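Here the structure is a predicted model, which means the values were calculated and not measured. In what follows, chains carry the letters A, B, and so on, assigned in the order in which the sequence lines appear, proteins first and then strands, with residues in each chain numbered from 1.
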Amino acid sequence: MSDDQSPPSGSPDSAQPLSALPTTYAPSACEQRWYAFWEEHGLFEASGDEADPRPTYTLAIPPPNVTGTLHMGHACRVTFEDVLTRYHRMAGYDALWVPGMDHAGIATQVVVERLLAREGTDRHALGRDAFVERVWKWKAESGGAILKQLRRLGASCDWSREHFTLEPELNRAVREAFVRLHEEGLIYRGPRLVNWDVKTQTVLSNLEVENEERDNGELFDFAYPIDGEDGAGESGEVVVSTTRPETMLGDTAVAIHPDDERYTHLHGKFVRHPFVDRRIPIICDAKLVDPEFGTGVVKVTPAHDPNDFATGKRHGLPEITVFHLDGTMNGEAGEFEGLERFQARKAVKQRLGELGLARGSKKHTLTVPISQRSGTIVEPMISTQWFVKMEPLAKPAIDAVEDGTLQILPKEWEKTYFHWLRNIQDWCISRQLWWGHPIPAWHCGACAHITVSREDPAACESCGADALTQDEDVLDTWFSSGLWPFSTLGWPDETPDLRRYYPTQDMETGYDILFFWVARMVMMGLHFMGEVPFKRVLLAGLVTDEDGKKMSKTKGNVVDPMDVIDGATLEALLAKATAAAPLGKEAQAGKYVRKHYPEGFAEYGTDALRMTLLSYSPQSMRIKLSIKRVEGYRNFANKLWNAARYALMNLEGTGAQATGAPPEEPKALPNRWILARLGKALDAATKGIEDYRLDDASRALYSFVWDEFCDWYLELSKPMLAEGGDAALAQETRATLVHVLEAILRALHPMMPFVTEEIWSRVPKRDALGVHPHDAGKPRSLIFARFPTAAVDAREDAAAEADVATLQAFVSAARTVRAEHDLPRARRIEICWAGDDETKAAVLRREESLVAALAGGALREVPGAQIDAAADHFSHAAVFVTDGLRAAVPDVIDPAKERERLNRELKKLGKELDALEKKLANPKFVERAPAEVVEKSRGDAASLGERKAQLEAALAQL
RNA sequence: AGGCGGAUAGCUCAGUUGGUAGAGCGCCUCCUUUACACGGAGGAUGUCGUCGGUUCGAGCCCGGCUCCGCCUACCA
């Protein structure tokens, strides 16, 4: 079977020779077909075999929310992760990419509640169990959309190991983690001032609160009358400032700075609350009060402000909550009871005015806390919640990065990571939602003891009563995500997968969830597994629109990856943008599309999109997705396709095939050269991938394929393959051509899986090429092919590189002359040349026919003096010079054009020479710079000087 | 307020340990040559934000400034 060139049975149709195919690559013709093939044959599945000797490479996907549809950010993540996975799989690792989804507590609950609202009902009418059942049903119906889209992107996940953060297996892990932390005293429950979302009526963690600057705020001043009832007959007032007048209903103190001499007389005094029957102490607090700010007097509302809460604790102040959970005023608000909080604000101000206590207001910009999910202003409230004590967990996580056990790339992010962990606050993990992991805690109706247990308990562990009710809260979504790298491998059981694949290698994700998720996984992994959950954290920037703005439905600048892949007309894009836009913003939503994509999208294909995303540096925070760039990579895929067509046309019927190794001892210069250059490109690509510089890796391969393989090697191969030529040379060239093409396909496969597999299936090659023994028997596919290396697939050859560089410089210079003189293609020229550098002259002599073919002229070596005095020897000769070589092209010139060209070249050369000479004239440079630098500068100056003289001579002759 | 990042060709961005500035797109000229017009050949385009310092030498190292972005905290 070693000569079998037909595709494996069951693989997509590859019977048609590539040379007979259309000249344009059509991604849609093969992408879905290939993915189905890969998946159907389980080609992405990790071995899971403990006897498999290969090292493992494991990567857990950042599980997308079930609510989501794929956006460009996902596409970016998936592409990076897929390249890493495919690369390692090809490089001889047992690679495992664990896929899955996150149940996304609040996000999902909000979506389903919105559906219910449309049906005219709500979750309370349904009841908890029915509601949860409804969410599961919804998840089953629409939750998988994103998984289908992941496949369109070519994600080579092991679908047999797919997980969902709310599935029963992971619930076991969650319970285990919770109970263990509780046993260790790291989980506690208690009343704290928390972030309350009045709309969804749940508590939020600090991370779920976003701060938004608003300049429409005001600083409102009002007076508290001094209470004279303490017998001293005091009168007067103190004026306080507030941005939230309604909270004064919960004031339980007024604070001044102890050293503020303006208020010394108030020490120990009281003020009278104007609306509720309360006498309020004036307290001294140096921590809370900045005497320079405002009046230097602060109203203290312990129940509704973090600083006031802390102050209240210091002074033992009562904490009076004035809001209901829905944000309306409660009974403590007296006459304002029942008002919504912002109405209450107005009302309080108005009443203060009526009482003559208002003391004016001024504009004030302030940042307001916004709920990430509901968009409402978050209310600080005192509430009893579950917390994780973070400090003991954070320490090992800090150590791991400090001692290098865990690497963060790009390294700049380390500082951010440390800063957050060193100032970490306890994590509020309970949520007043229904969709999520229920907290494994049971309240005893008899003794109020709380039983925390892995299994549902039958009786209270304290008093034995069976009057138990489970805690009504669920856990923060991120609690289960934090366990993801090991819970998906079977933890808490000691499964073979957990043994084999933990710790994972890489965690690739956006920097926006460094705290939310990455840091928590590190803490949880270290705590429960005793080992970091992954060895490297790879952070990428966020994908934005063409203007660098965040993609949002309101702005209408959301680019759907599927549209980029499949193509979309302007009308379709407009329709989608307007449909997604909020009511009333439809017109605005179309603006972006009209401005940037007046012609819609062509069918760019997955590979082009992937290459585009890969080409952005991971160093930058923003990835401004440019559709022009996508187009460029679409063109690249087409270039590759056509290069392959050329190669296969020349291979057809010759018996040449890829063997996984280059020819033993290639003789022809272009063959030696391309193999040497392939080695350089492969080194750069490998280094790029391993260093997480996929931009470097993709650039190296792109420029090798286009600039060297296509632009030079294929052109050089044409004369070598010409009919009636040297048969041995042609054979060697075909062997080189097919090998380099095949190696390119393997190298590019992690980045461009579809077009490479499509072409590769048609490349004549030895069977079982590069397949690891462990994968023997599986259908033939690039998925298992060995990733090419310089050592095996290329041949080092510095001499060939230097010689072709000479040839290229000469050919380019000759082409410039042709172009500048508008010589028609058919016009043959004679190029008279002389060599000053014997090595270079030898190259031209040896490769004369190739140079002649590429430069479009016959070569004739002449004495150097003839070129120096071109006018005397050749009529109307254009003269060009490359390093170590001179040439004249007789009978072609238009003196004016020639003068222009020579002058332009002289100008450029002059600038370079000036800089060099200035440098060399500096004695300190000669003295102190490294010898090789000085030597090089001298050499460069000399050859530049020579060229300049020659150009000037040529110019003078015109 | 503190921290971080950015400022390089018309646009979007690379630039490895300091040693003569790069790519893609766009632009100009020519070319329907048997892989490719999603192409080929050639060409034009930069005070590397600004001021100062270190150095023989700075896009790169150090400091100040300006503008932009992000993050964290907080402003009664």
What's the [atom1]-[atom2] distance between [X] and [N], to the nearest Å?
X: A/Lys908; N: B/U20; atom1: NZ; atom2: C1'; value: 13 Å
X: A/Asn922; N: B/U55; atom1: CG; atom2: P; value: 13 Å
X: A/Leu721; N: B/U34; atom1: CG; atom2: C1'; value: 13 Å

- [ ] Classify the side chain of A/Glu820 and the base of B/A41 as holding, or not holding, a donor-acceptor pair under 3.5 Å.
- [x]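 Per atom types, no contact qualifies.
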
Task: Donor-acceptor pair present, A/Lys415 side chain and B/C4 base, under 3.5 Å - done: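 Per atom types, no contact qualifies.
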
What is the pairing partner of [N], taking Watson-Crick or G-U wobble pairs with both distances under 3.5 Å in any strand?
N: B/A41; result: B/U29
N: B/A23; result: B/U12
N: B/C4; result: B/G69

Task: Carboxylate-amine/guanidinium contact A/Lys349 A/Glu218, below 4.0 Å - done: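 Yes, this pair counts.
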
Open item on the list: Strictly below 4.0 Å, N to O, side chains only: are A/Lys924 and A/Glu927 in salt-bridge contact?
Closed with: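 Salt bridge absent between A/Lys924 and A/Glu927.
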
TODO: Measure from the side-chain N and O atoms of A/Asp260 to the backbone N and O of A/Pro291, and report whether any donor-acceptor pair falls under 3.5 Å.
DONE: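 Such a contact is absent between A/Asp260 side chain and A/Pro291 backbone.
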
Open item on the list: I'd like to know if the side chain of A/Asn195 and the backbone of A/Pro380 have a donor-acceptor N/O pair within less than 3.5 Å.
Closed with: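 Side chain of A/Asn195 to backbone of A/Pro380, a donor-acceptor pair under 3.5 Å: no, none is there.
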
Task: Rounded distance in Å between the P positions of B/U47 and B/G10 - done: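 Those two atoms are separated by 8 Å.
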
Open item on the list: Suppose you measure atom C1' in B/G3 against the same atom in B/G15; what distance do you get, rounded to whole Å?
Closed with: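 Going atom to atom, C1' in each nucleotide, I get 27 Å.
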
[X] side chain, from C-beta outward: closest of [options]:
X: A/Tyr616; options: B/G42, B/U12, B/C38; result: B/U12
X: A/Arg693; options: B/C30, B/C31, B/G15; result: B/G15
X: A/Arg825; options: B/C38, B/U20, B/U33; result: B/U33
X: A/Ala929; options: B/A35, B/G19, B/C38; result: B/G19
X: A/His419; options: B/U72, B/A35, B/C13; result: B/U72
X: A/Leu714; options: B/G69, B/A35, B/G26; result: B/A35
X: A/Lys628; options: B/G43, B/G26, B/A35; result: B/G26
X: A/Glu912; options: B/G24, B/G19, B/U20; result: B/U20
X: A/Asp822; options: B/U29, B/A35, B/A14; result: B/U29
X: A/Asp305; options: B/C75, B/C38, B/G26; result: B/C75

Task: Along RNA chain B (nearest heavy atom to each residue), the more 5'-positioned of A/Gln619 and A/Trp712 - done: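 It is A/Gln619, whose closest nucleotide lies nearer the 5' terminus.
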
Open item on the list: For A/Leu916 and A/Arg629, find the nucleotide of RNA chain B closest to each by heavy atoms; which residue's nucleotide sits nearer the 5' end?
Closed with: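 Here A/Arg629 is the residue nearer the 5' end.
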
At under 4.0 Å between heavy atoms, what does [X] touch on the DNA or RNA strands: base, sugar-phosphate, or nothing?
X: A/Ser617; value: sugar-phosphate
X: A/Ser703; value: nothing
X: A/Arg634; value: base
X: A/Arg901; value: nothing
X: A/Thr301; value: nothing
X: A/Asp940; value: base
X: A/Asp308; value: nothing
X: A/Arg244; value: nothing
X: A/Ser620; value: sugar-phosphate
X: A/Pro930; value: base

Open item on the list: If I compare all heavy atoms of A/Ile829 with all of A/Gly856, which pair ends up nearest, and what's the gap?
Closed with: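 The answer is CG1-O, 3.4 Å.
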
Open item on the list: Side-chain N or O of A/Thr816 versus OP1/OP2 of B/G43: is the shortest distance under 4.0 Å?
Closed with: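 For B/G43, OP1 or OP2 has a side-chain N or O of A/Thr816 closer than 4.0 Å.
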
TODO: Could you go through the ring pair (Phe, Tyr, Trp, His ring centres under 6.0 Å) check for A/Tyr417 and A/Phe515 one step at a time?
DONE: CA-CA 8 Å; A/Tyr417 175 87; A/Phe515 306 141; 8.2 Å; no

- [ ] Sort out for me which residue in A/Arg901, A/Lys908, A/Lys907 forms a salt bridge (charged side-chain N to carboxylate O under 4.0 Å, His left out) with A/Glu905.
- [x]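 Exactly one candidate clears the test, A/Arg901.
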
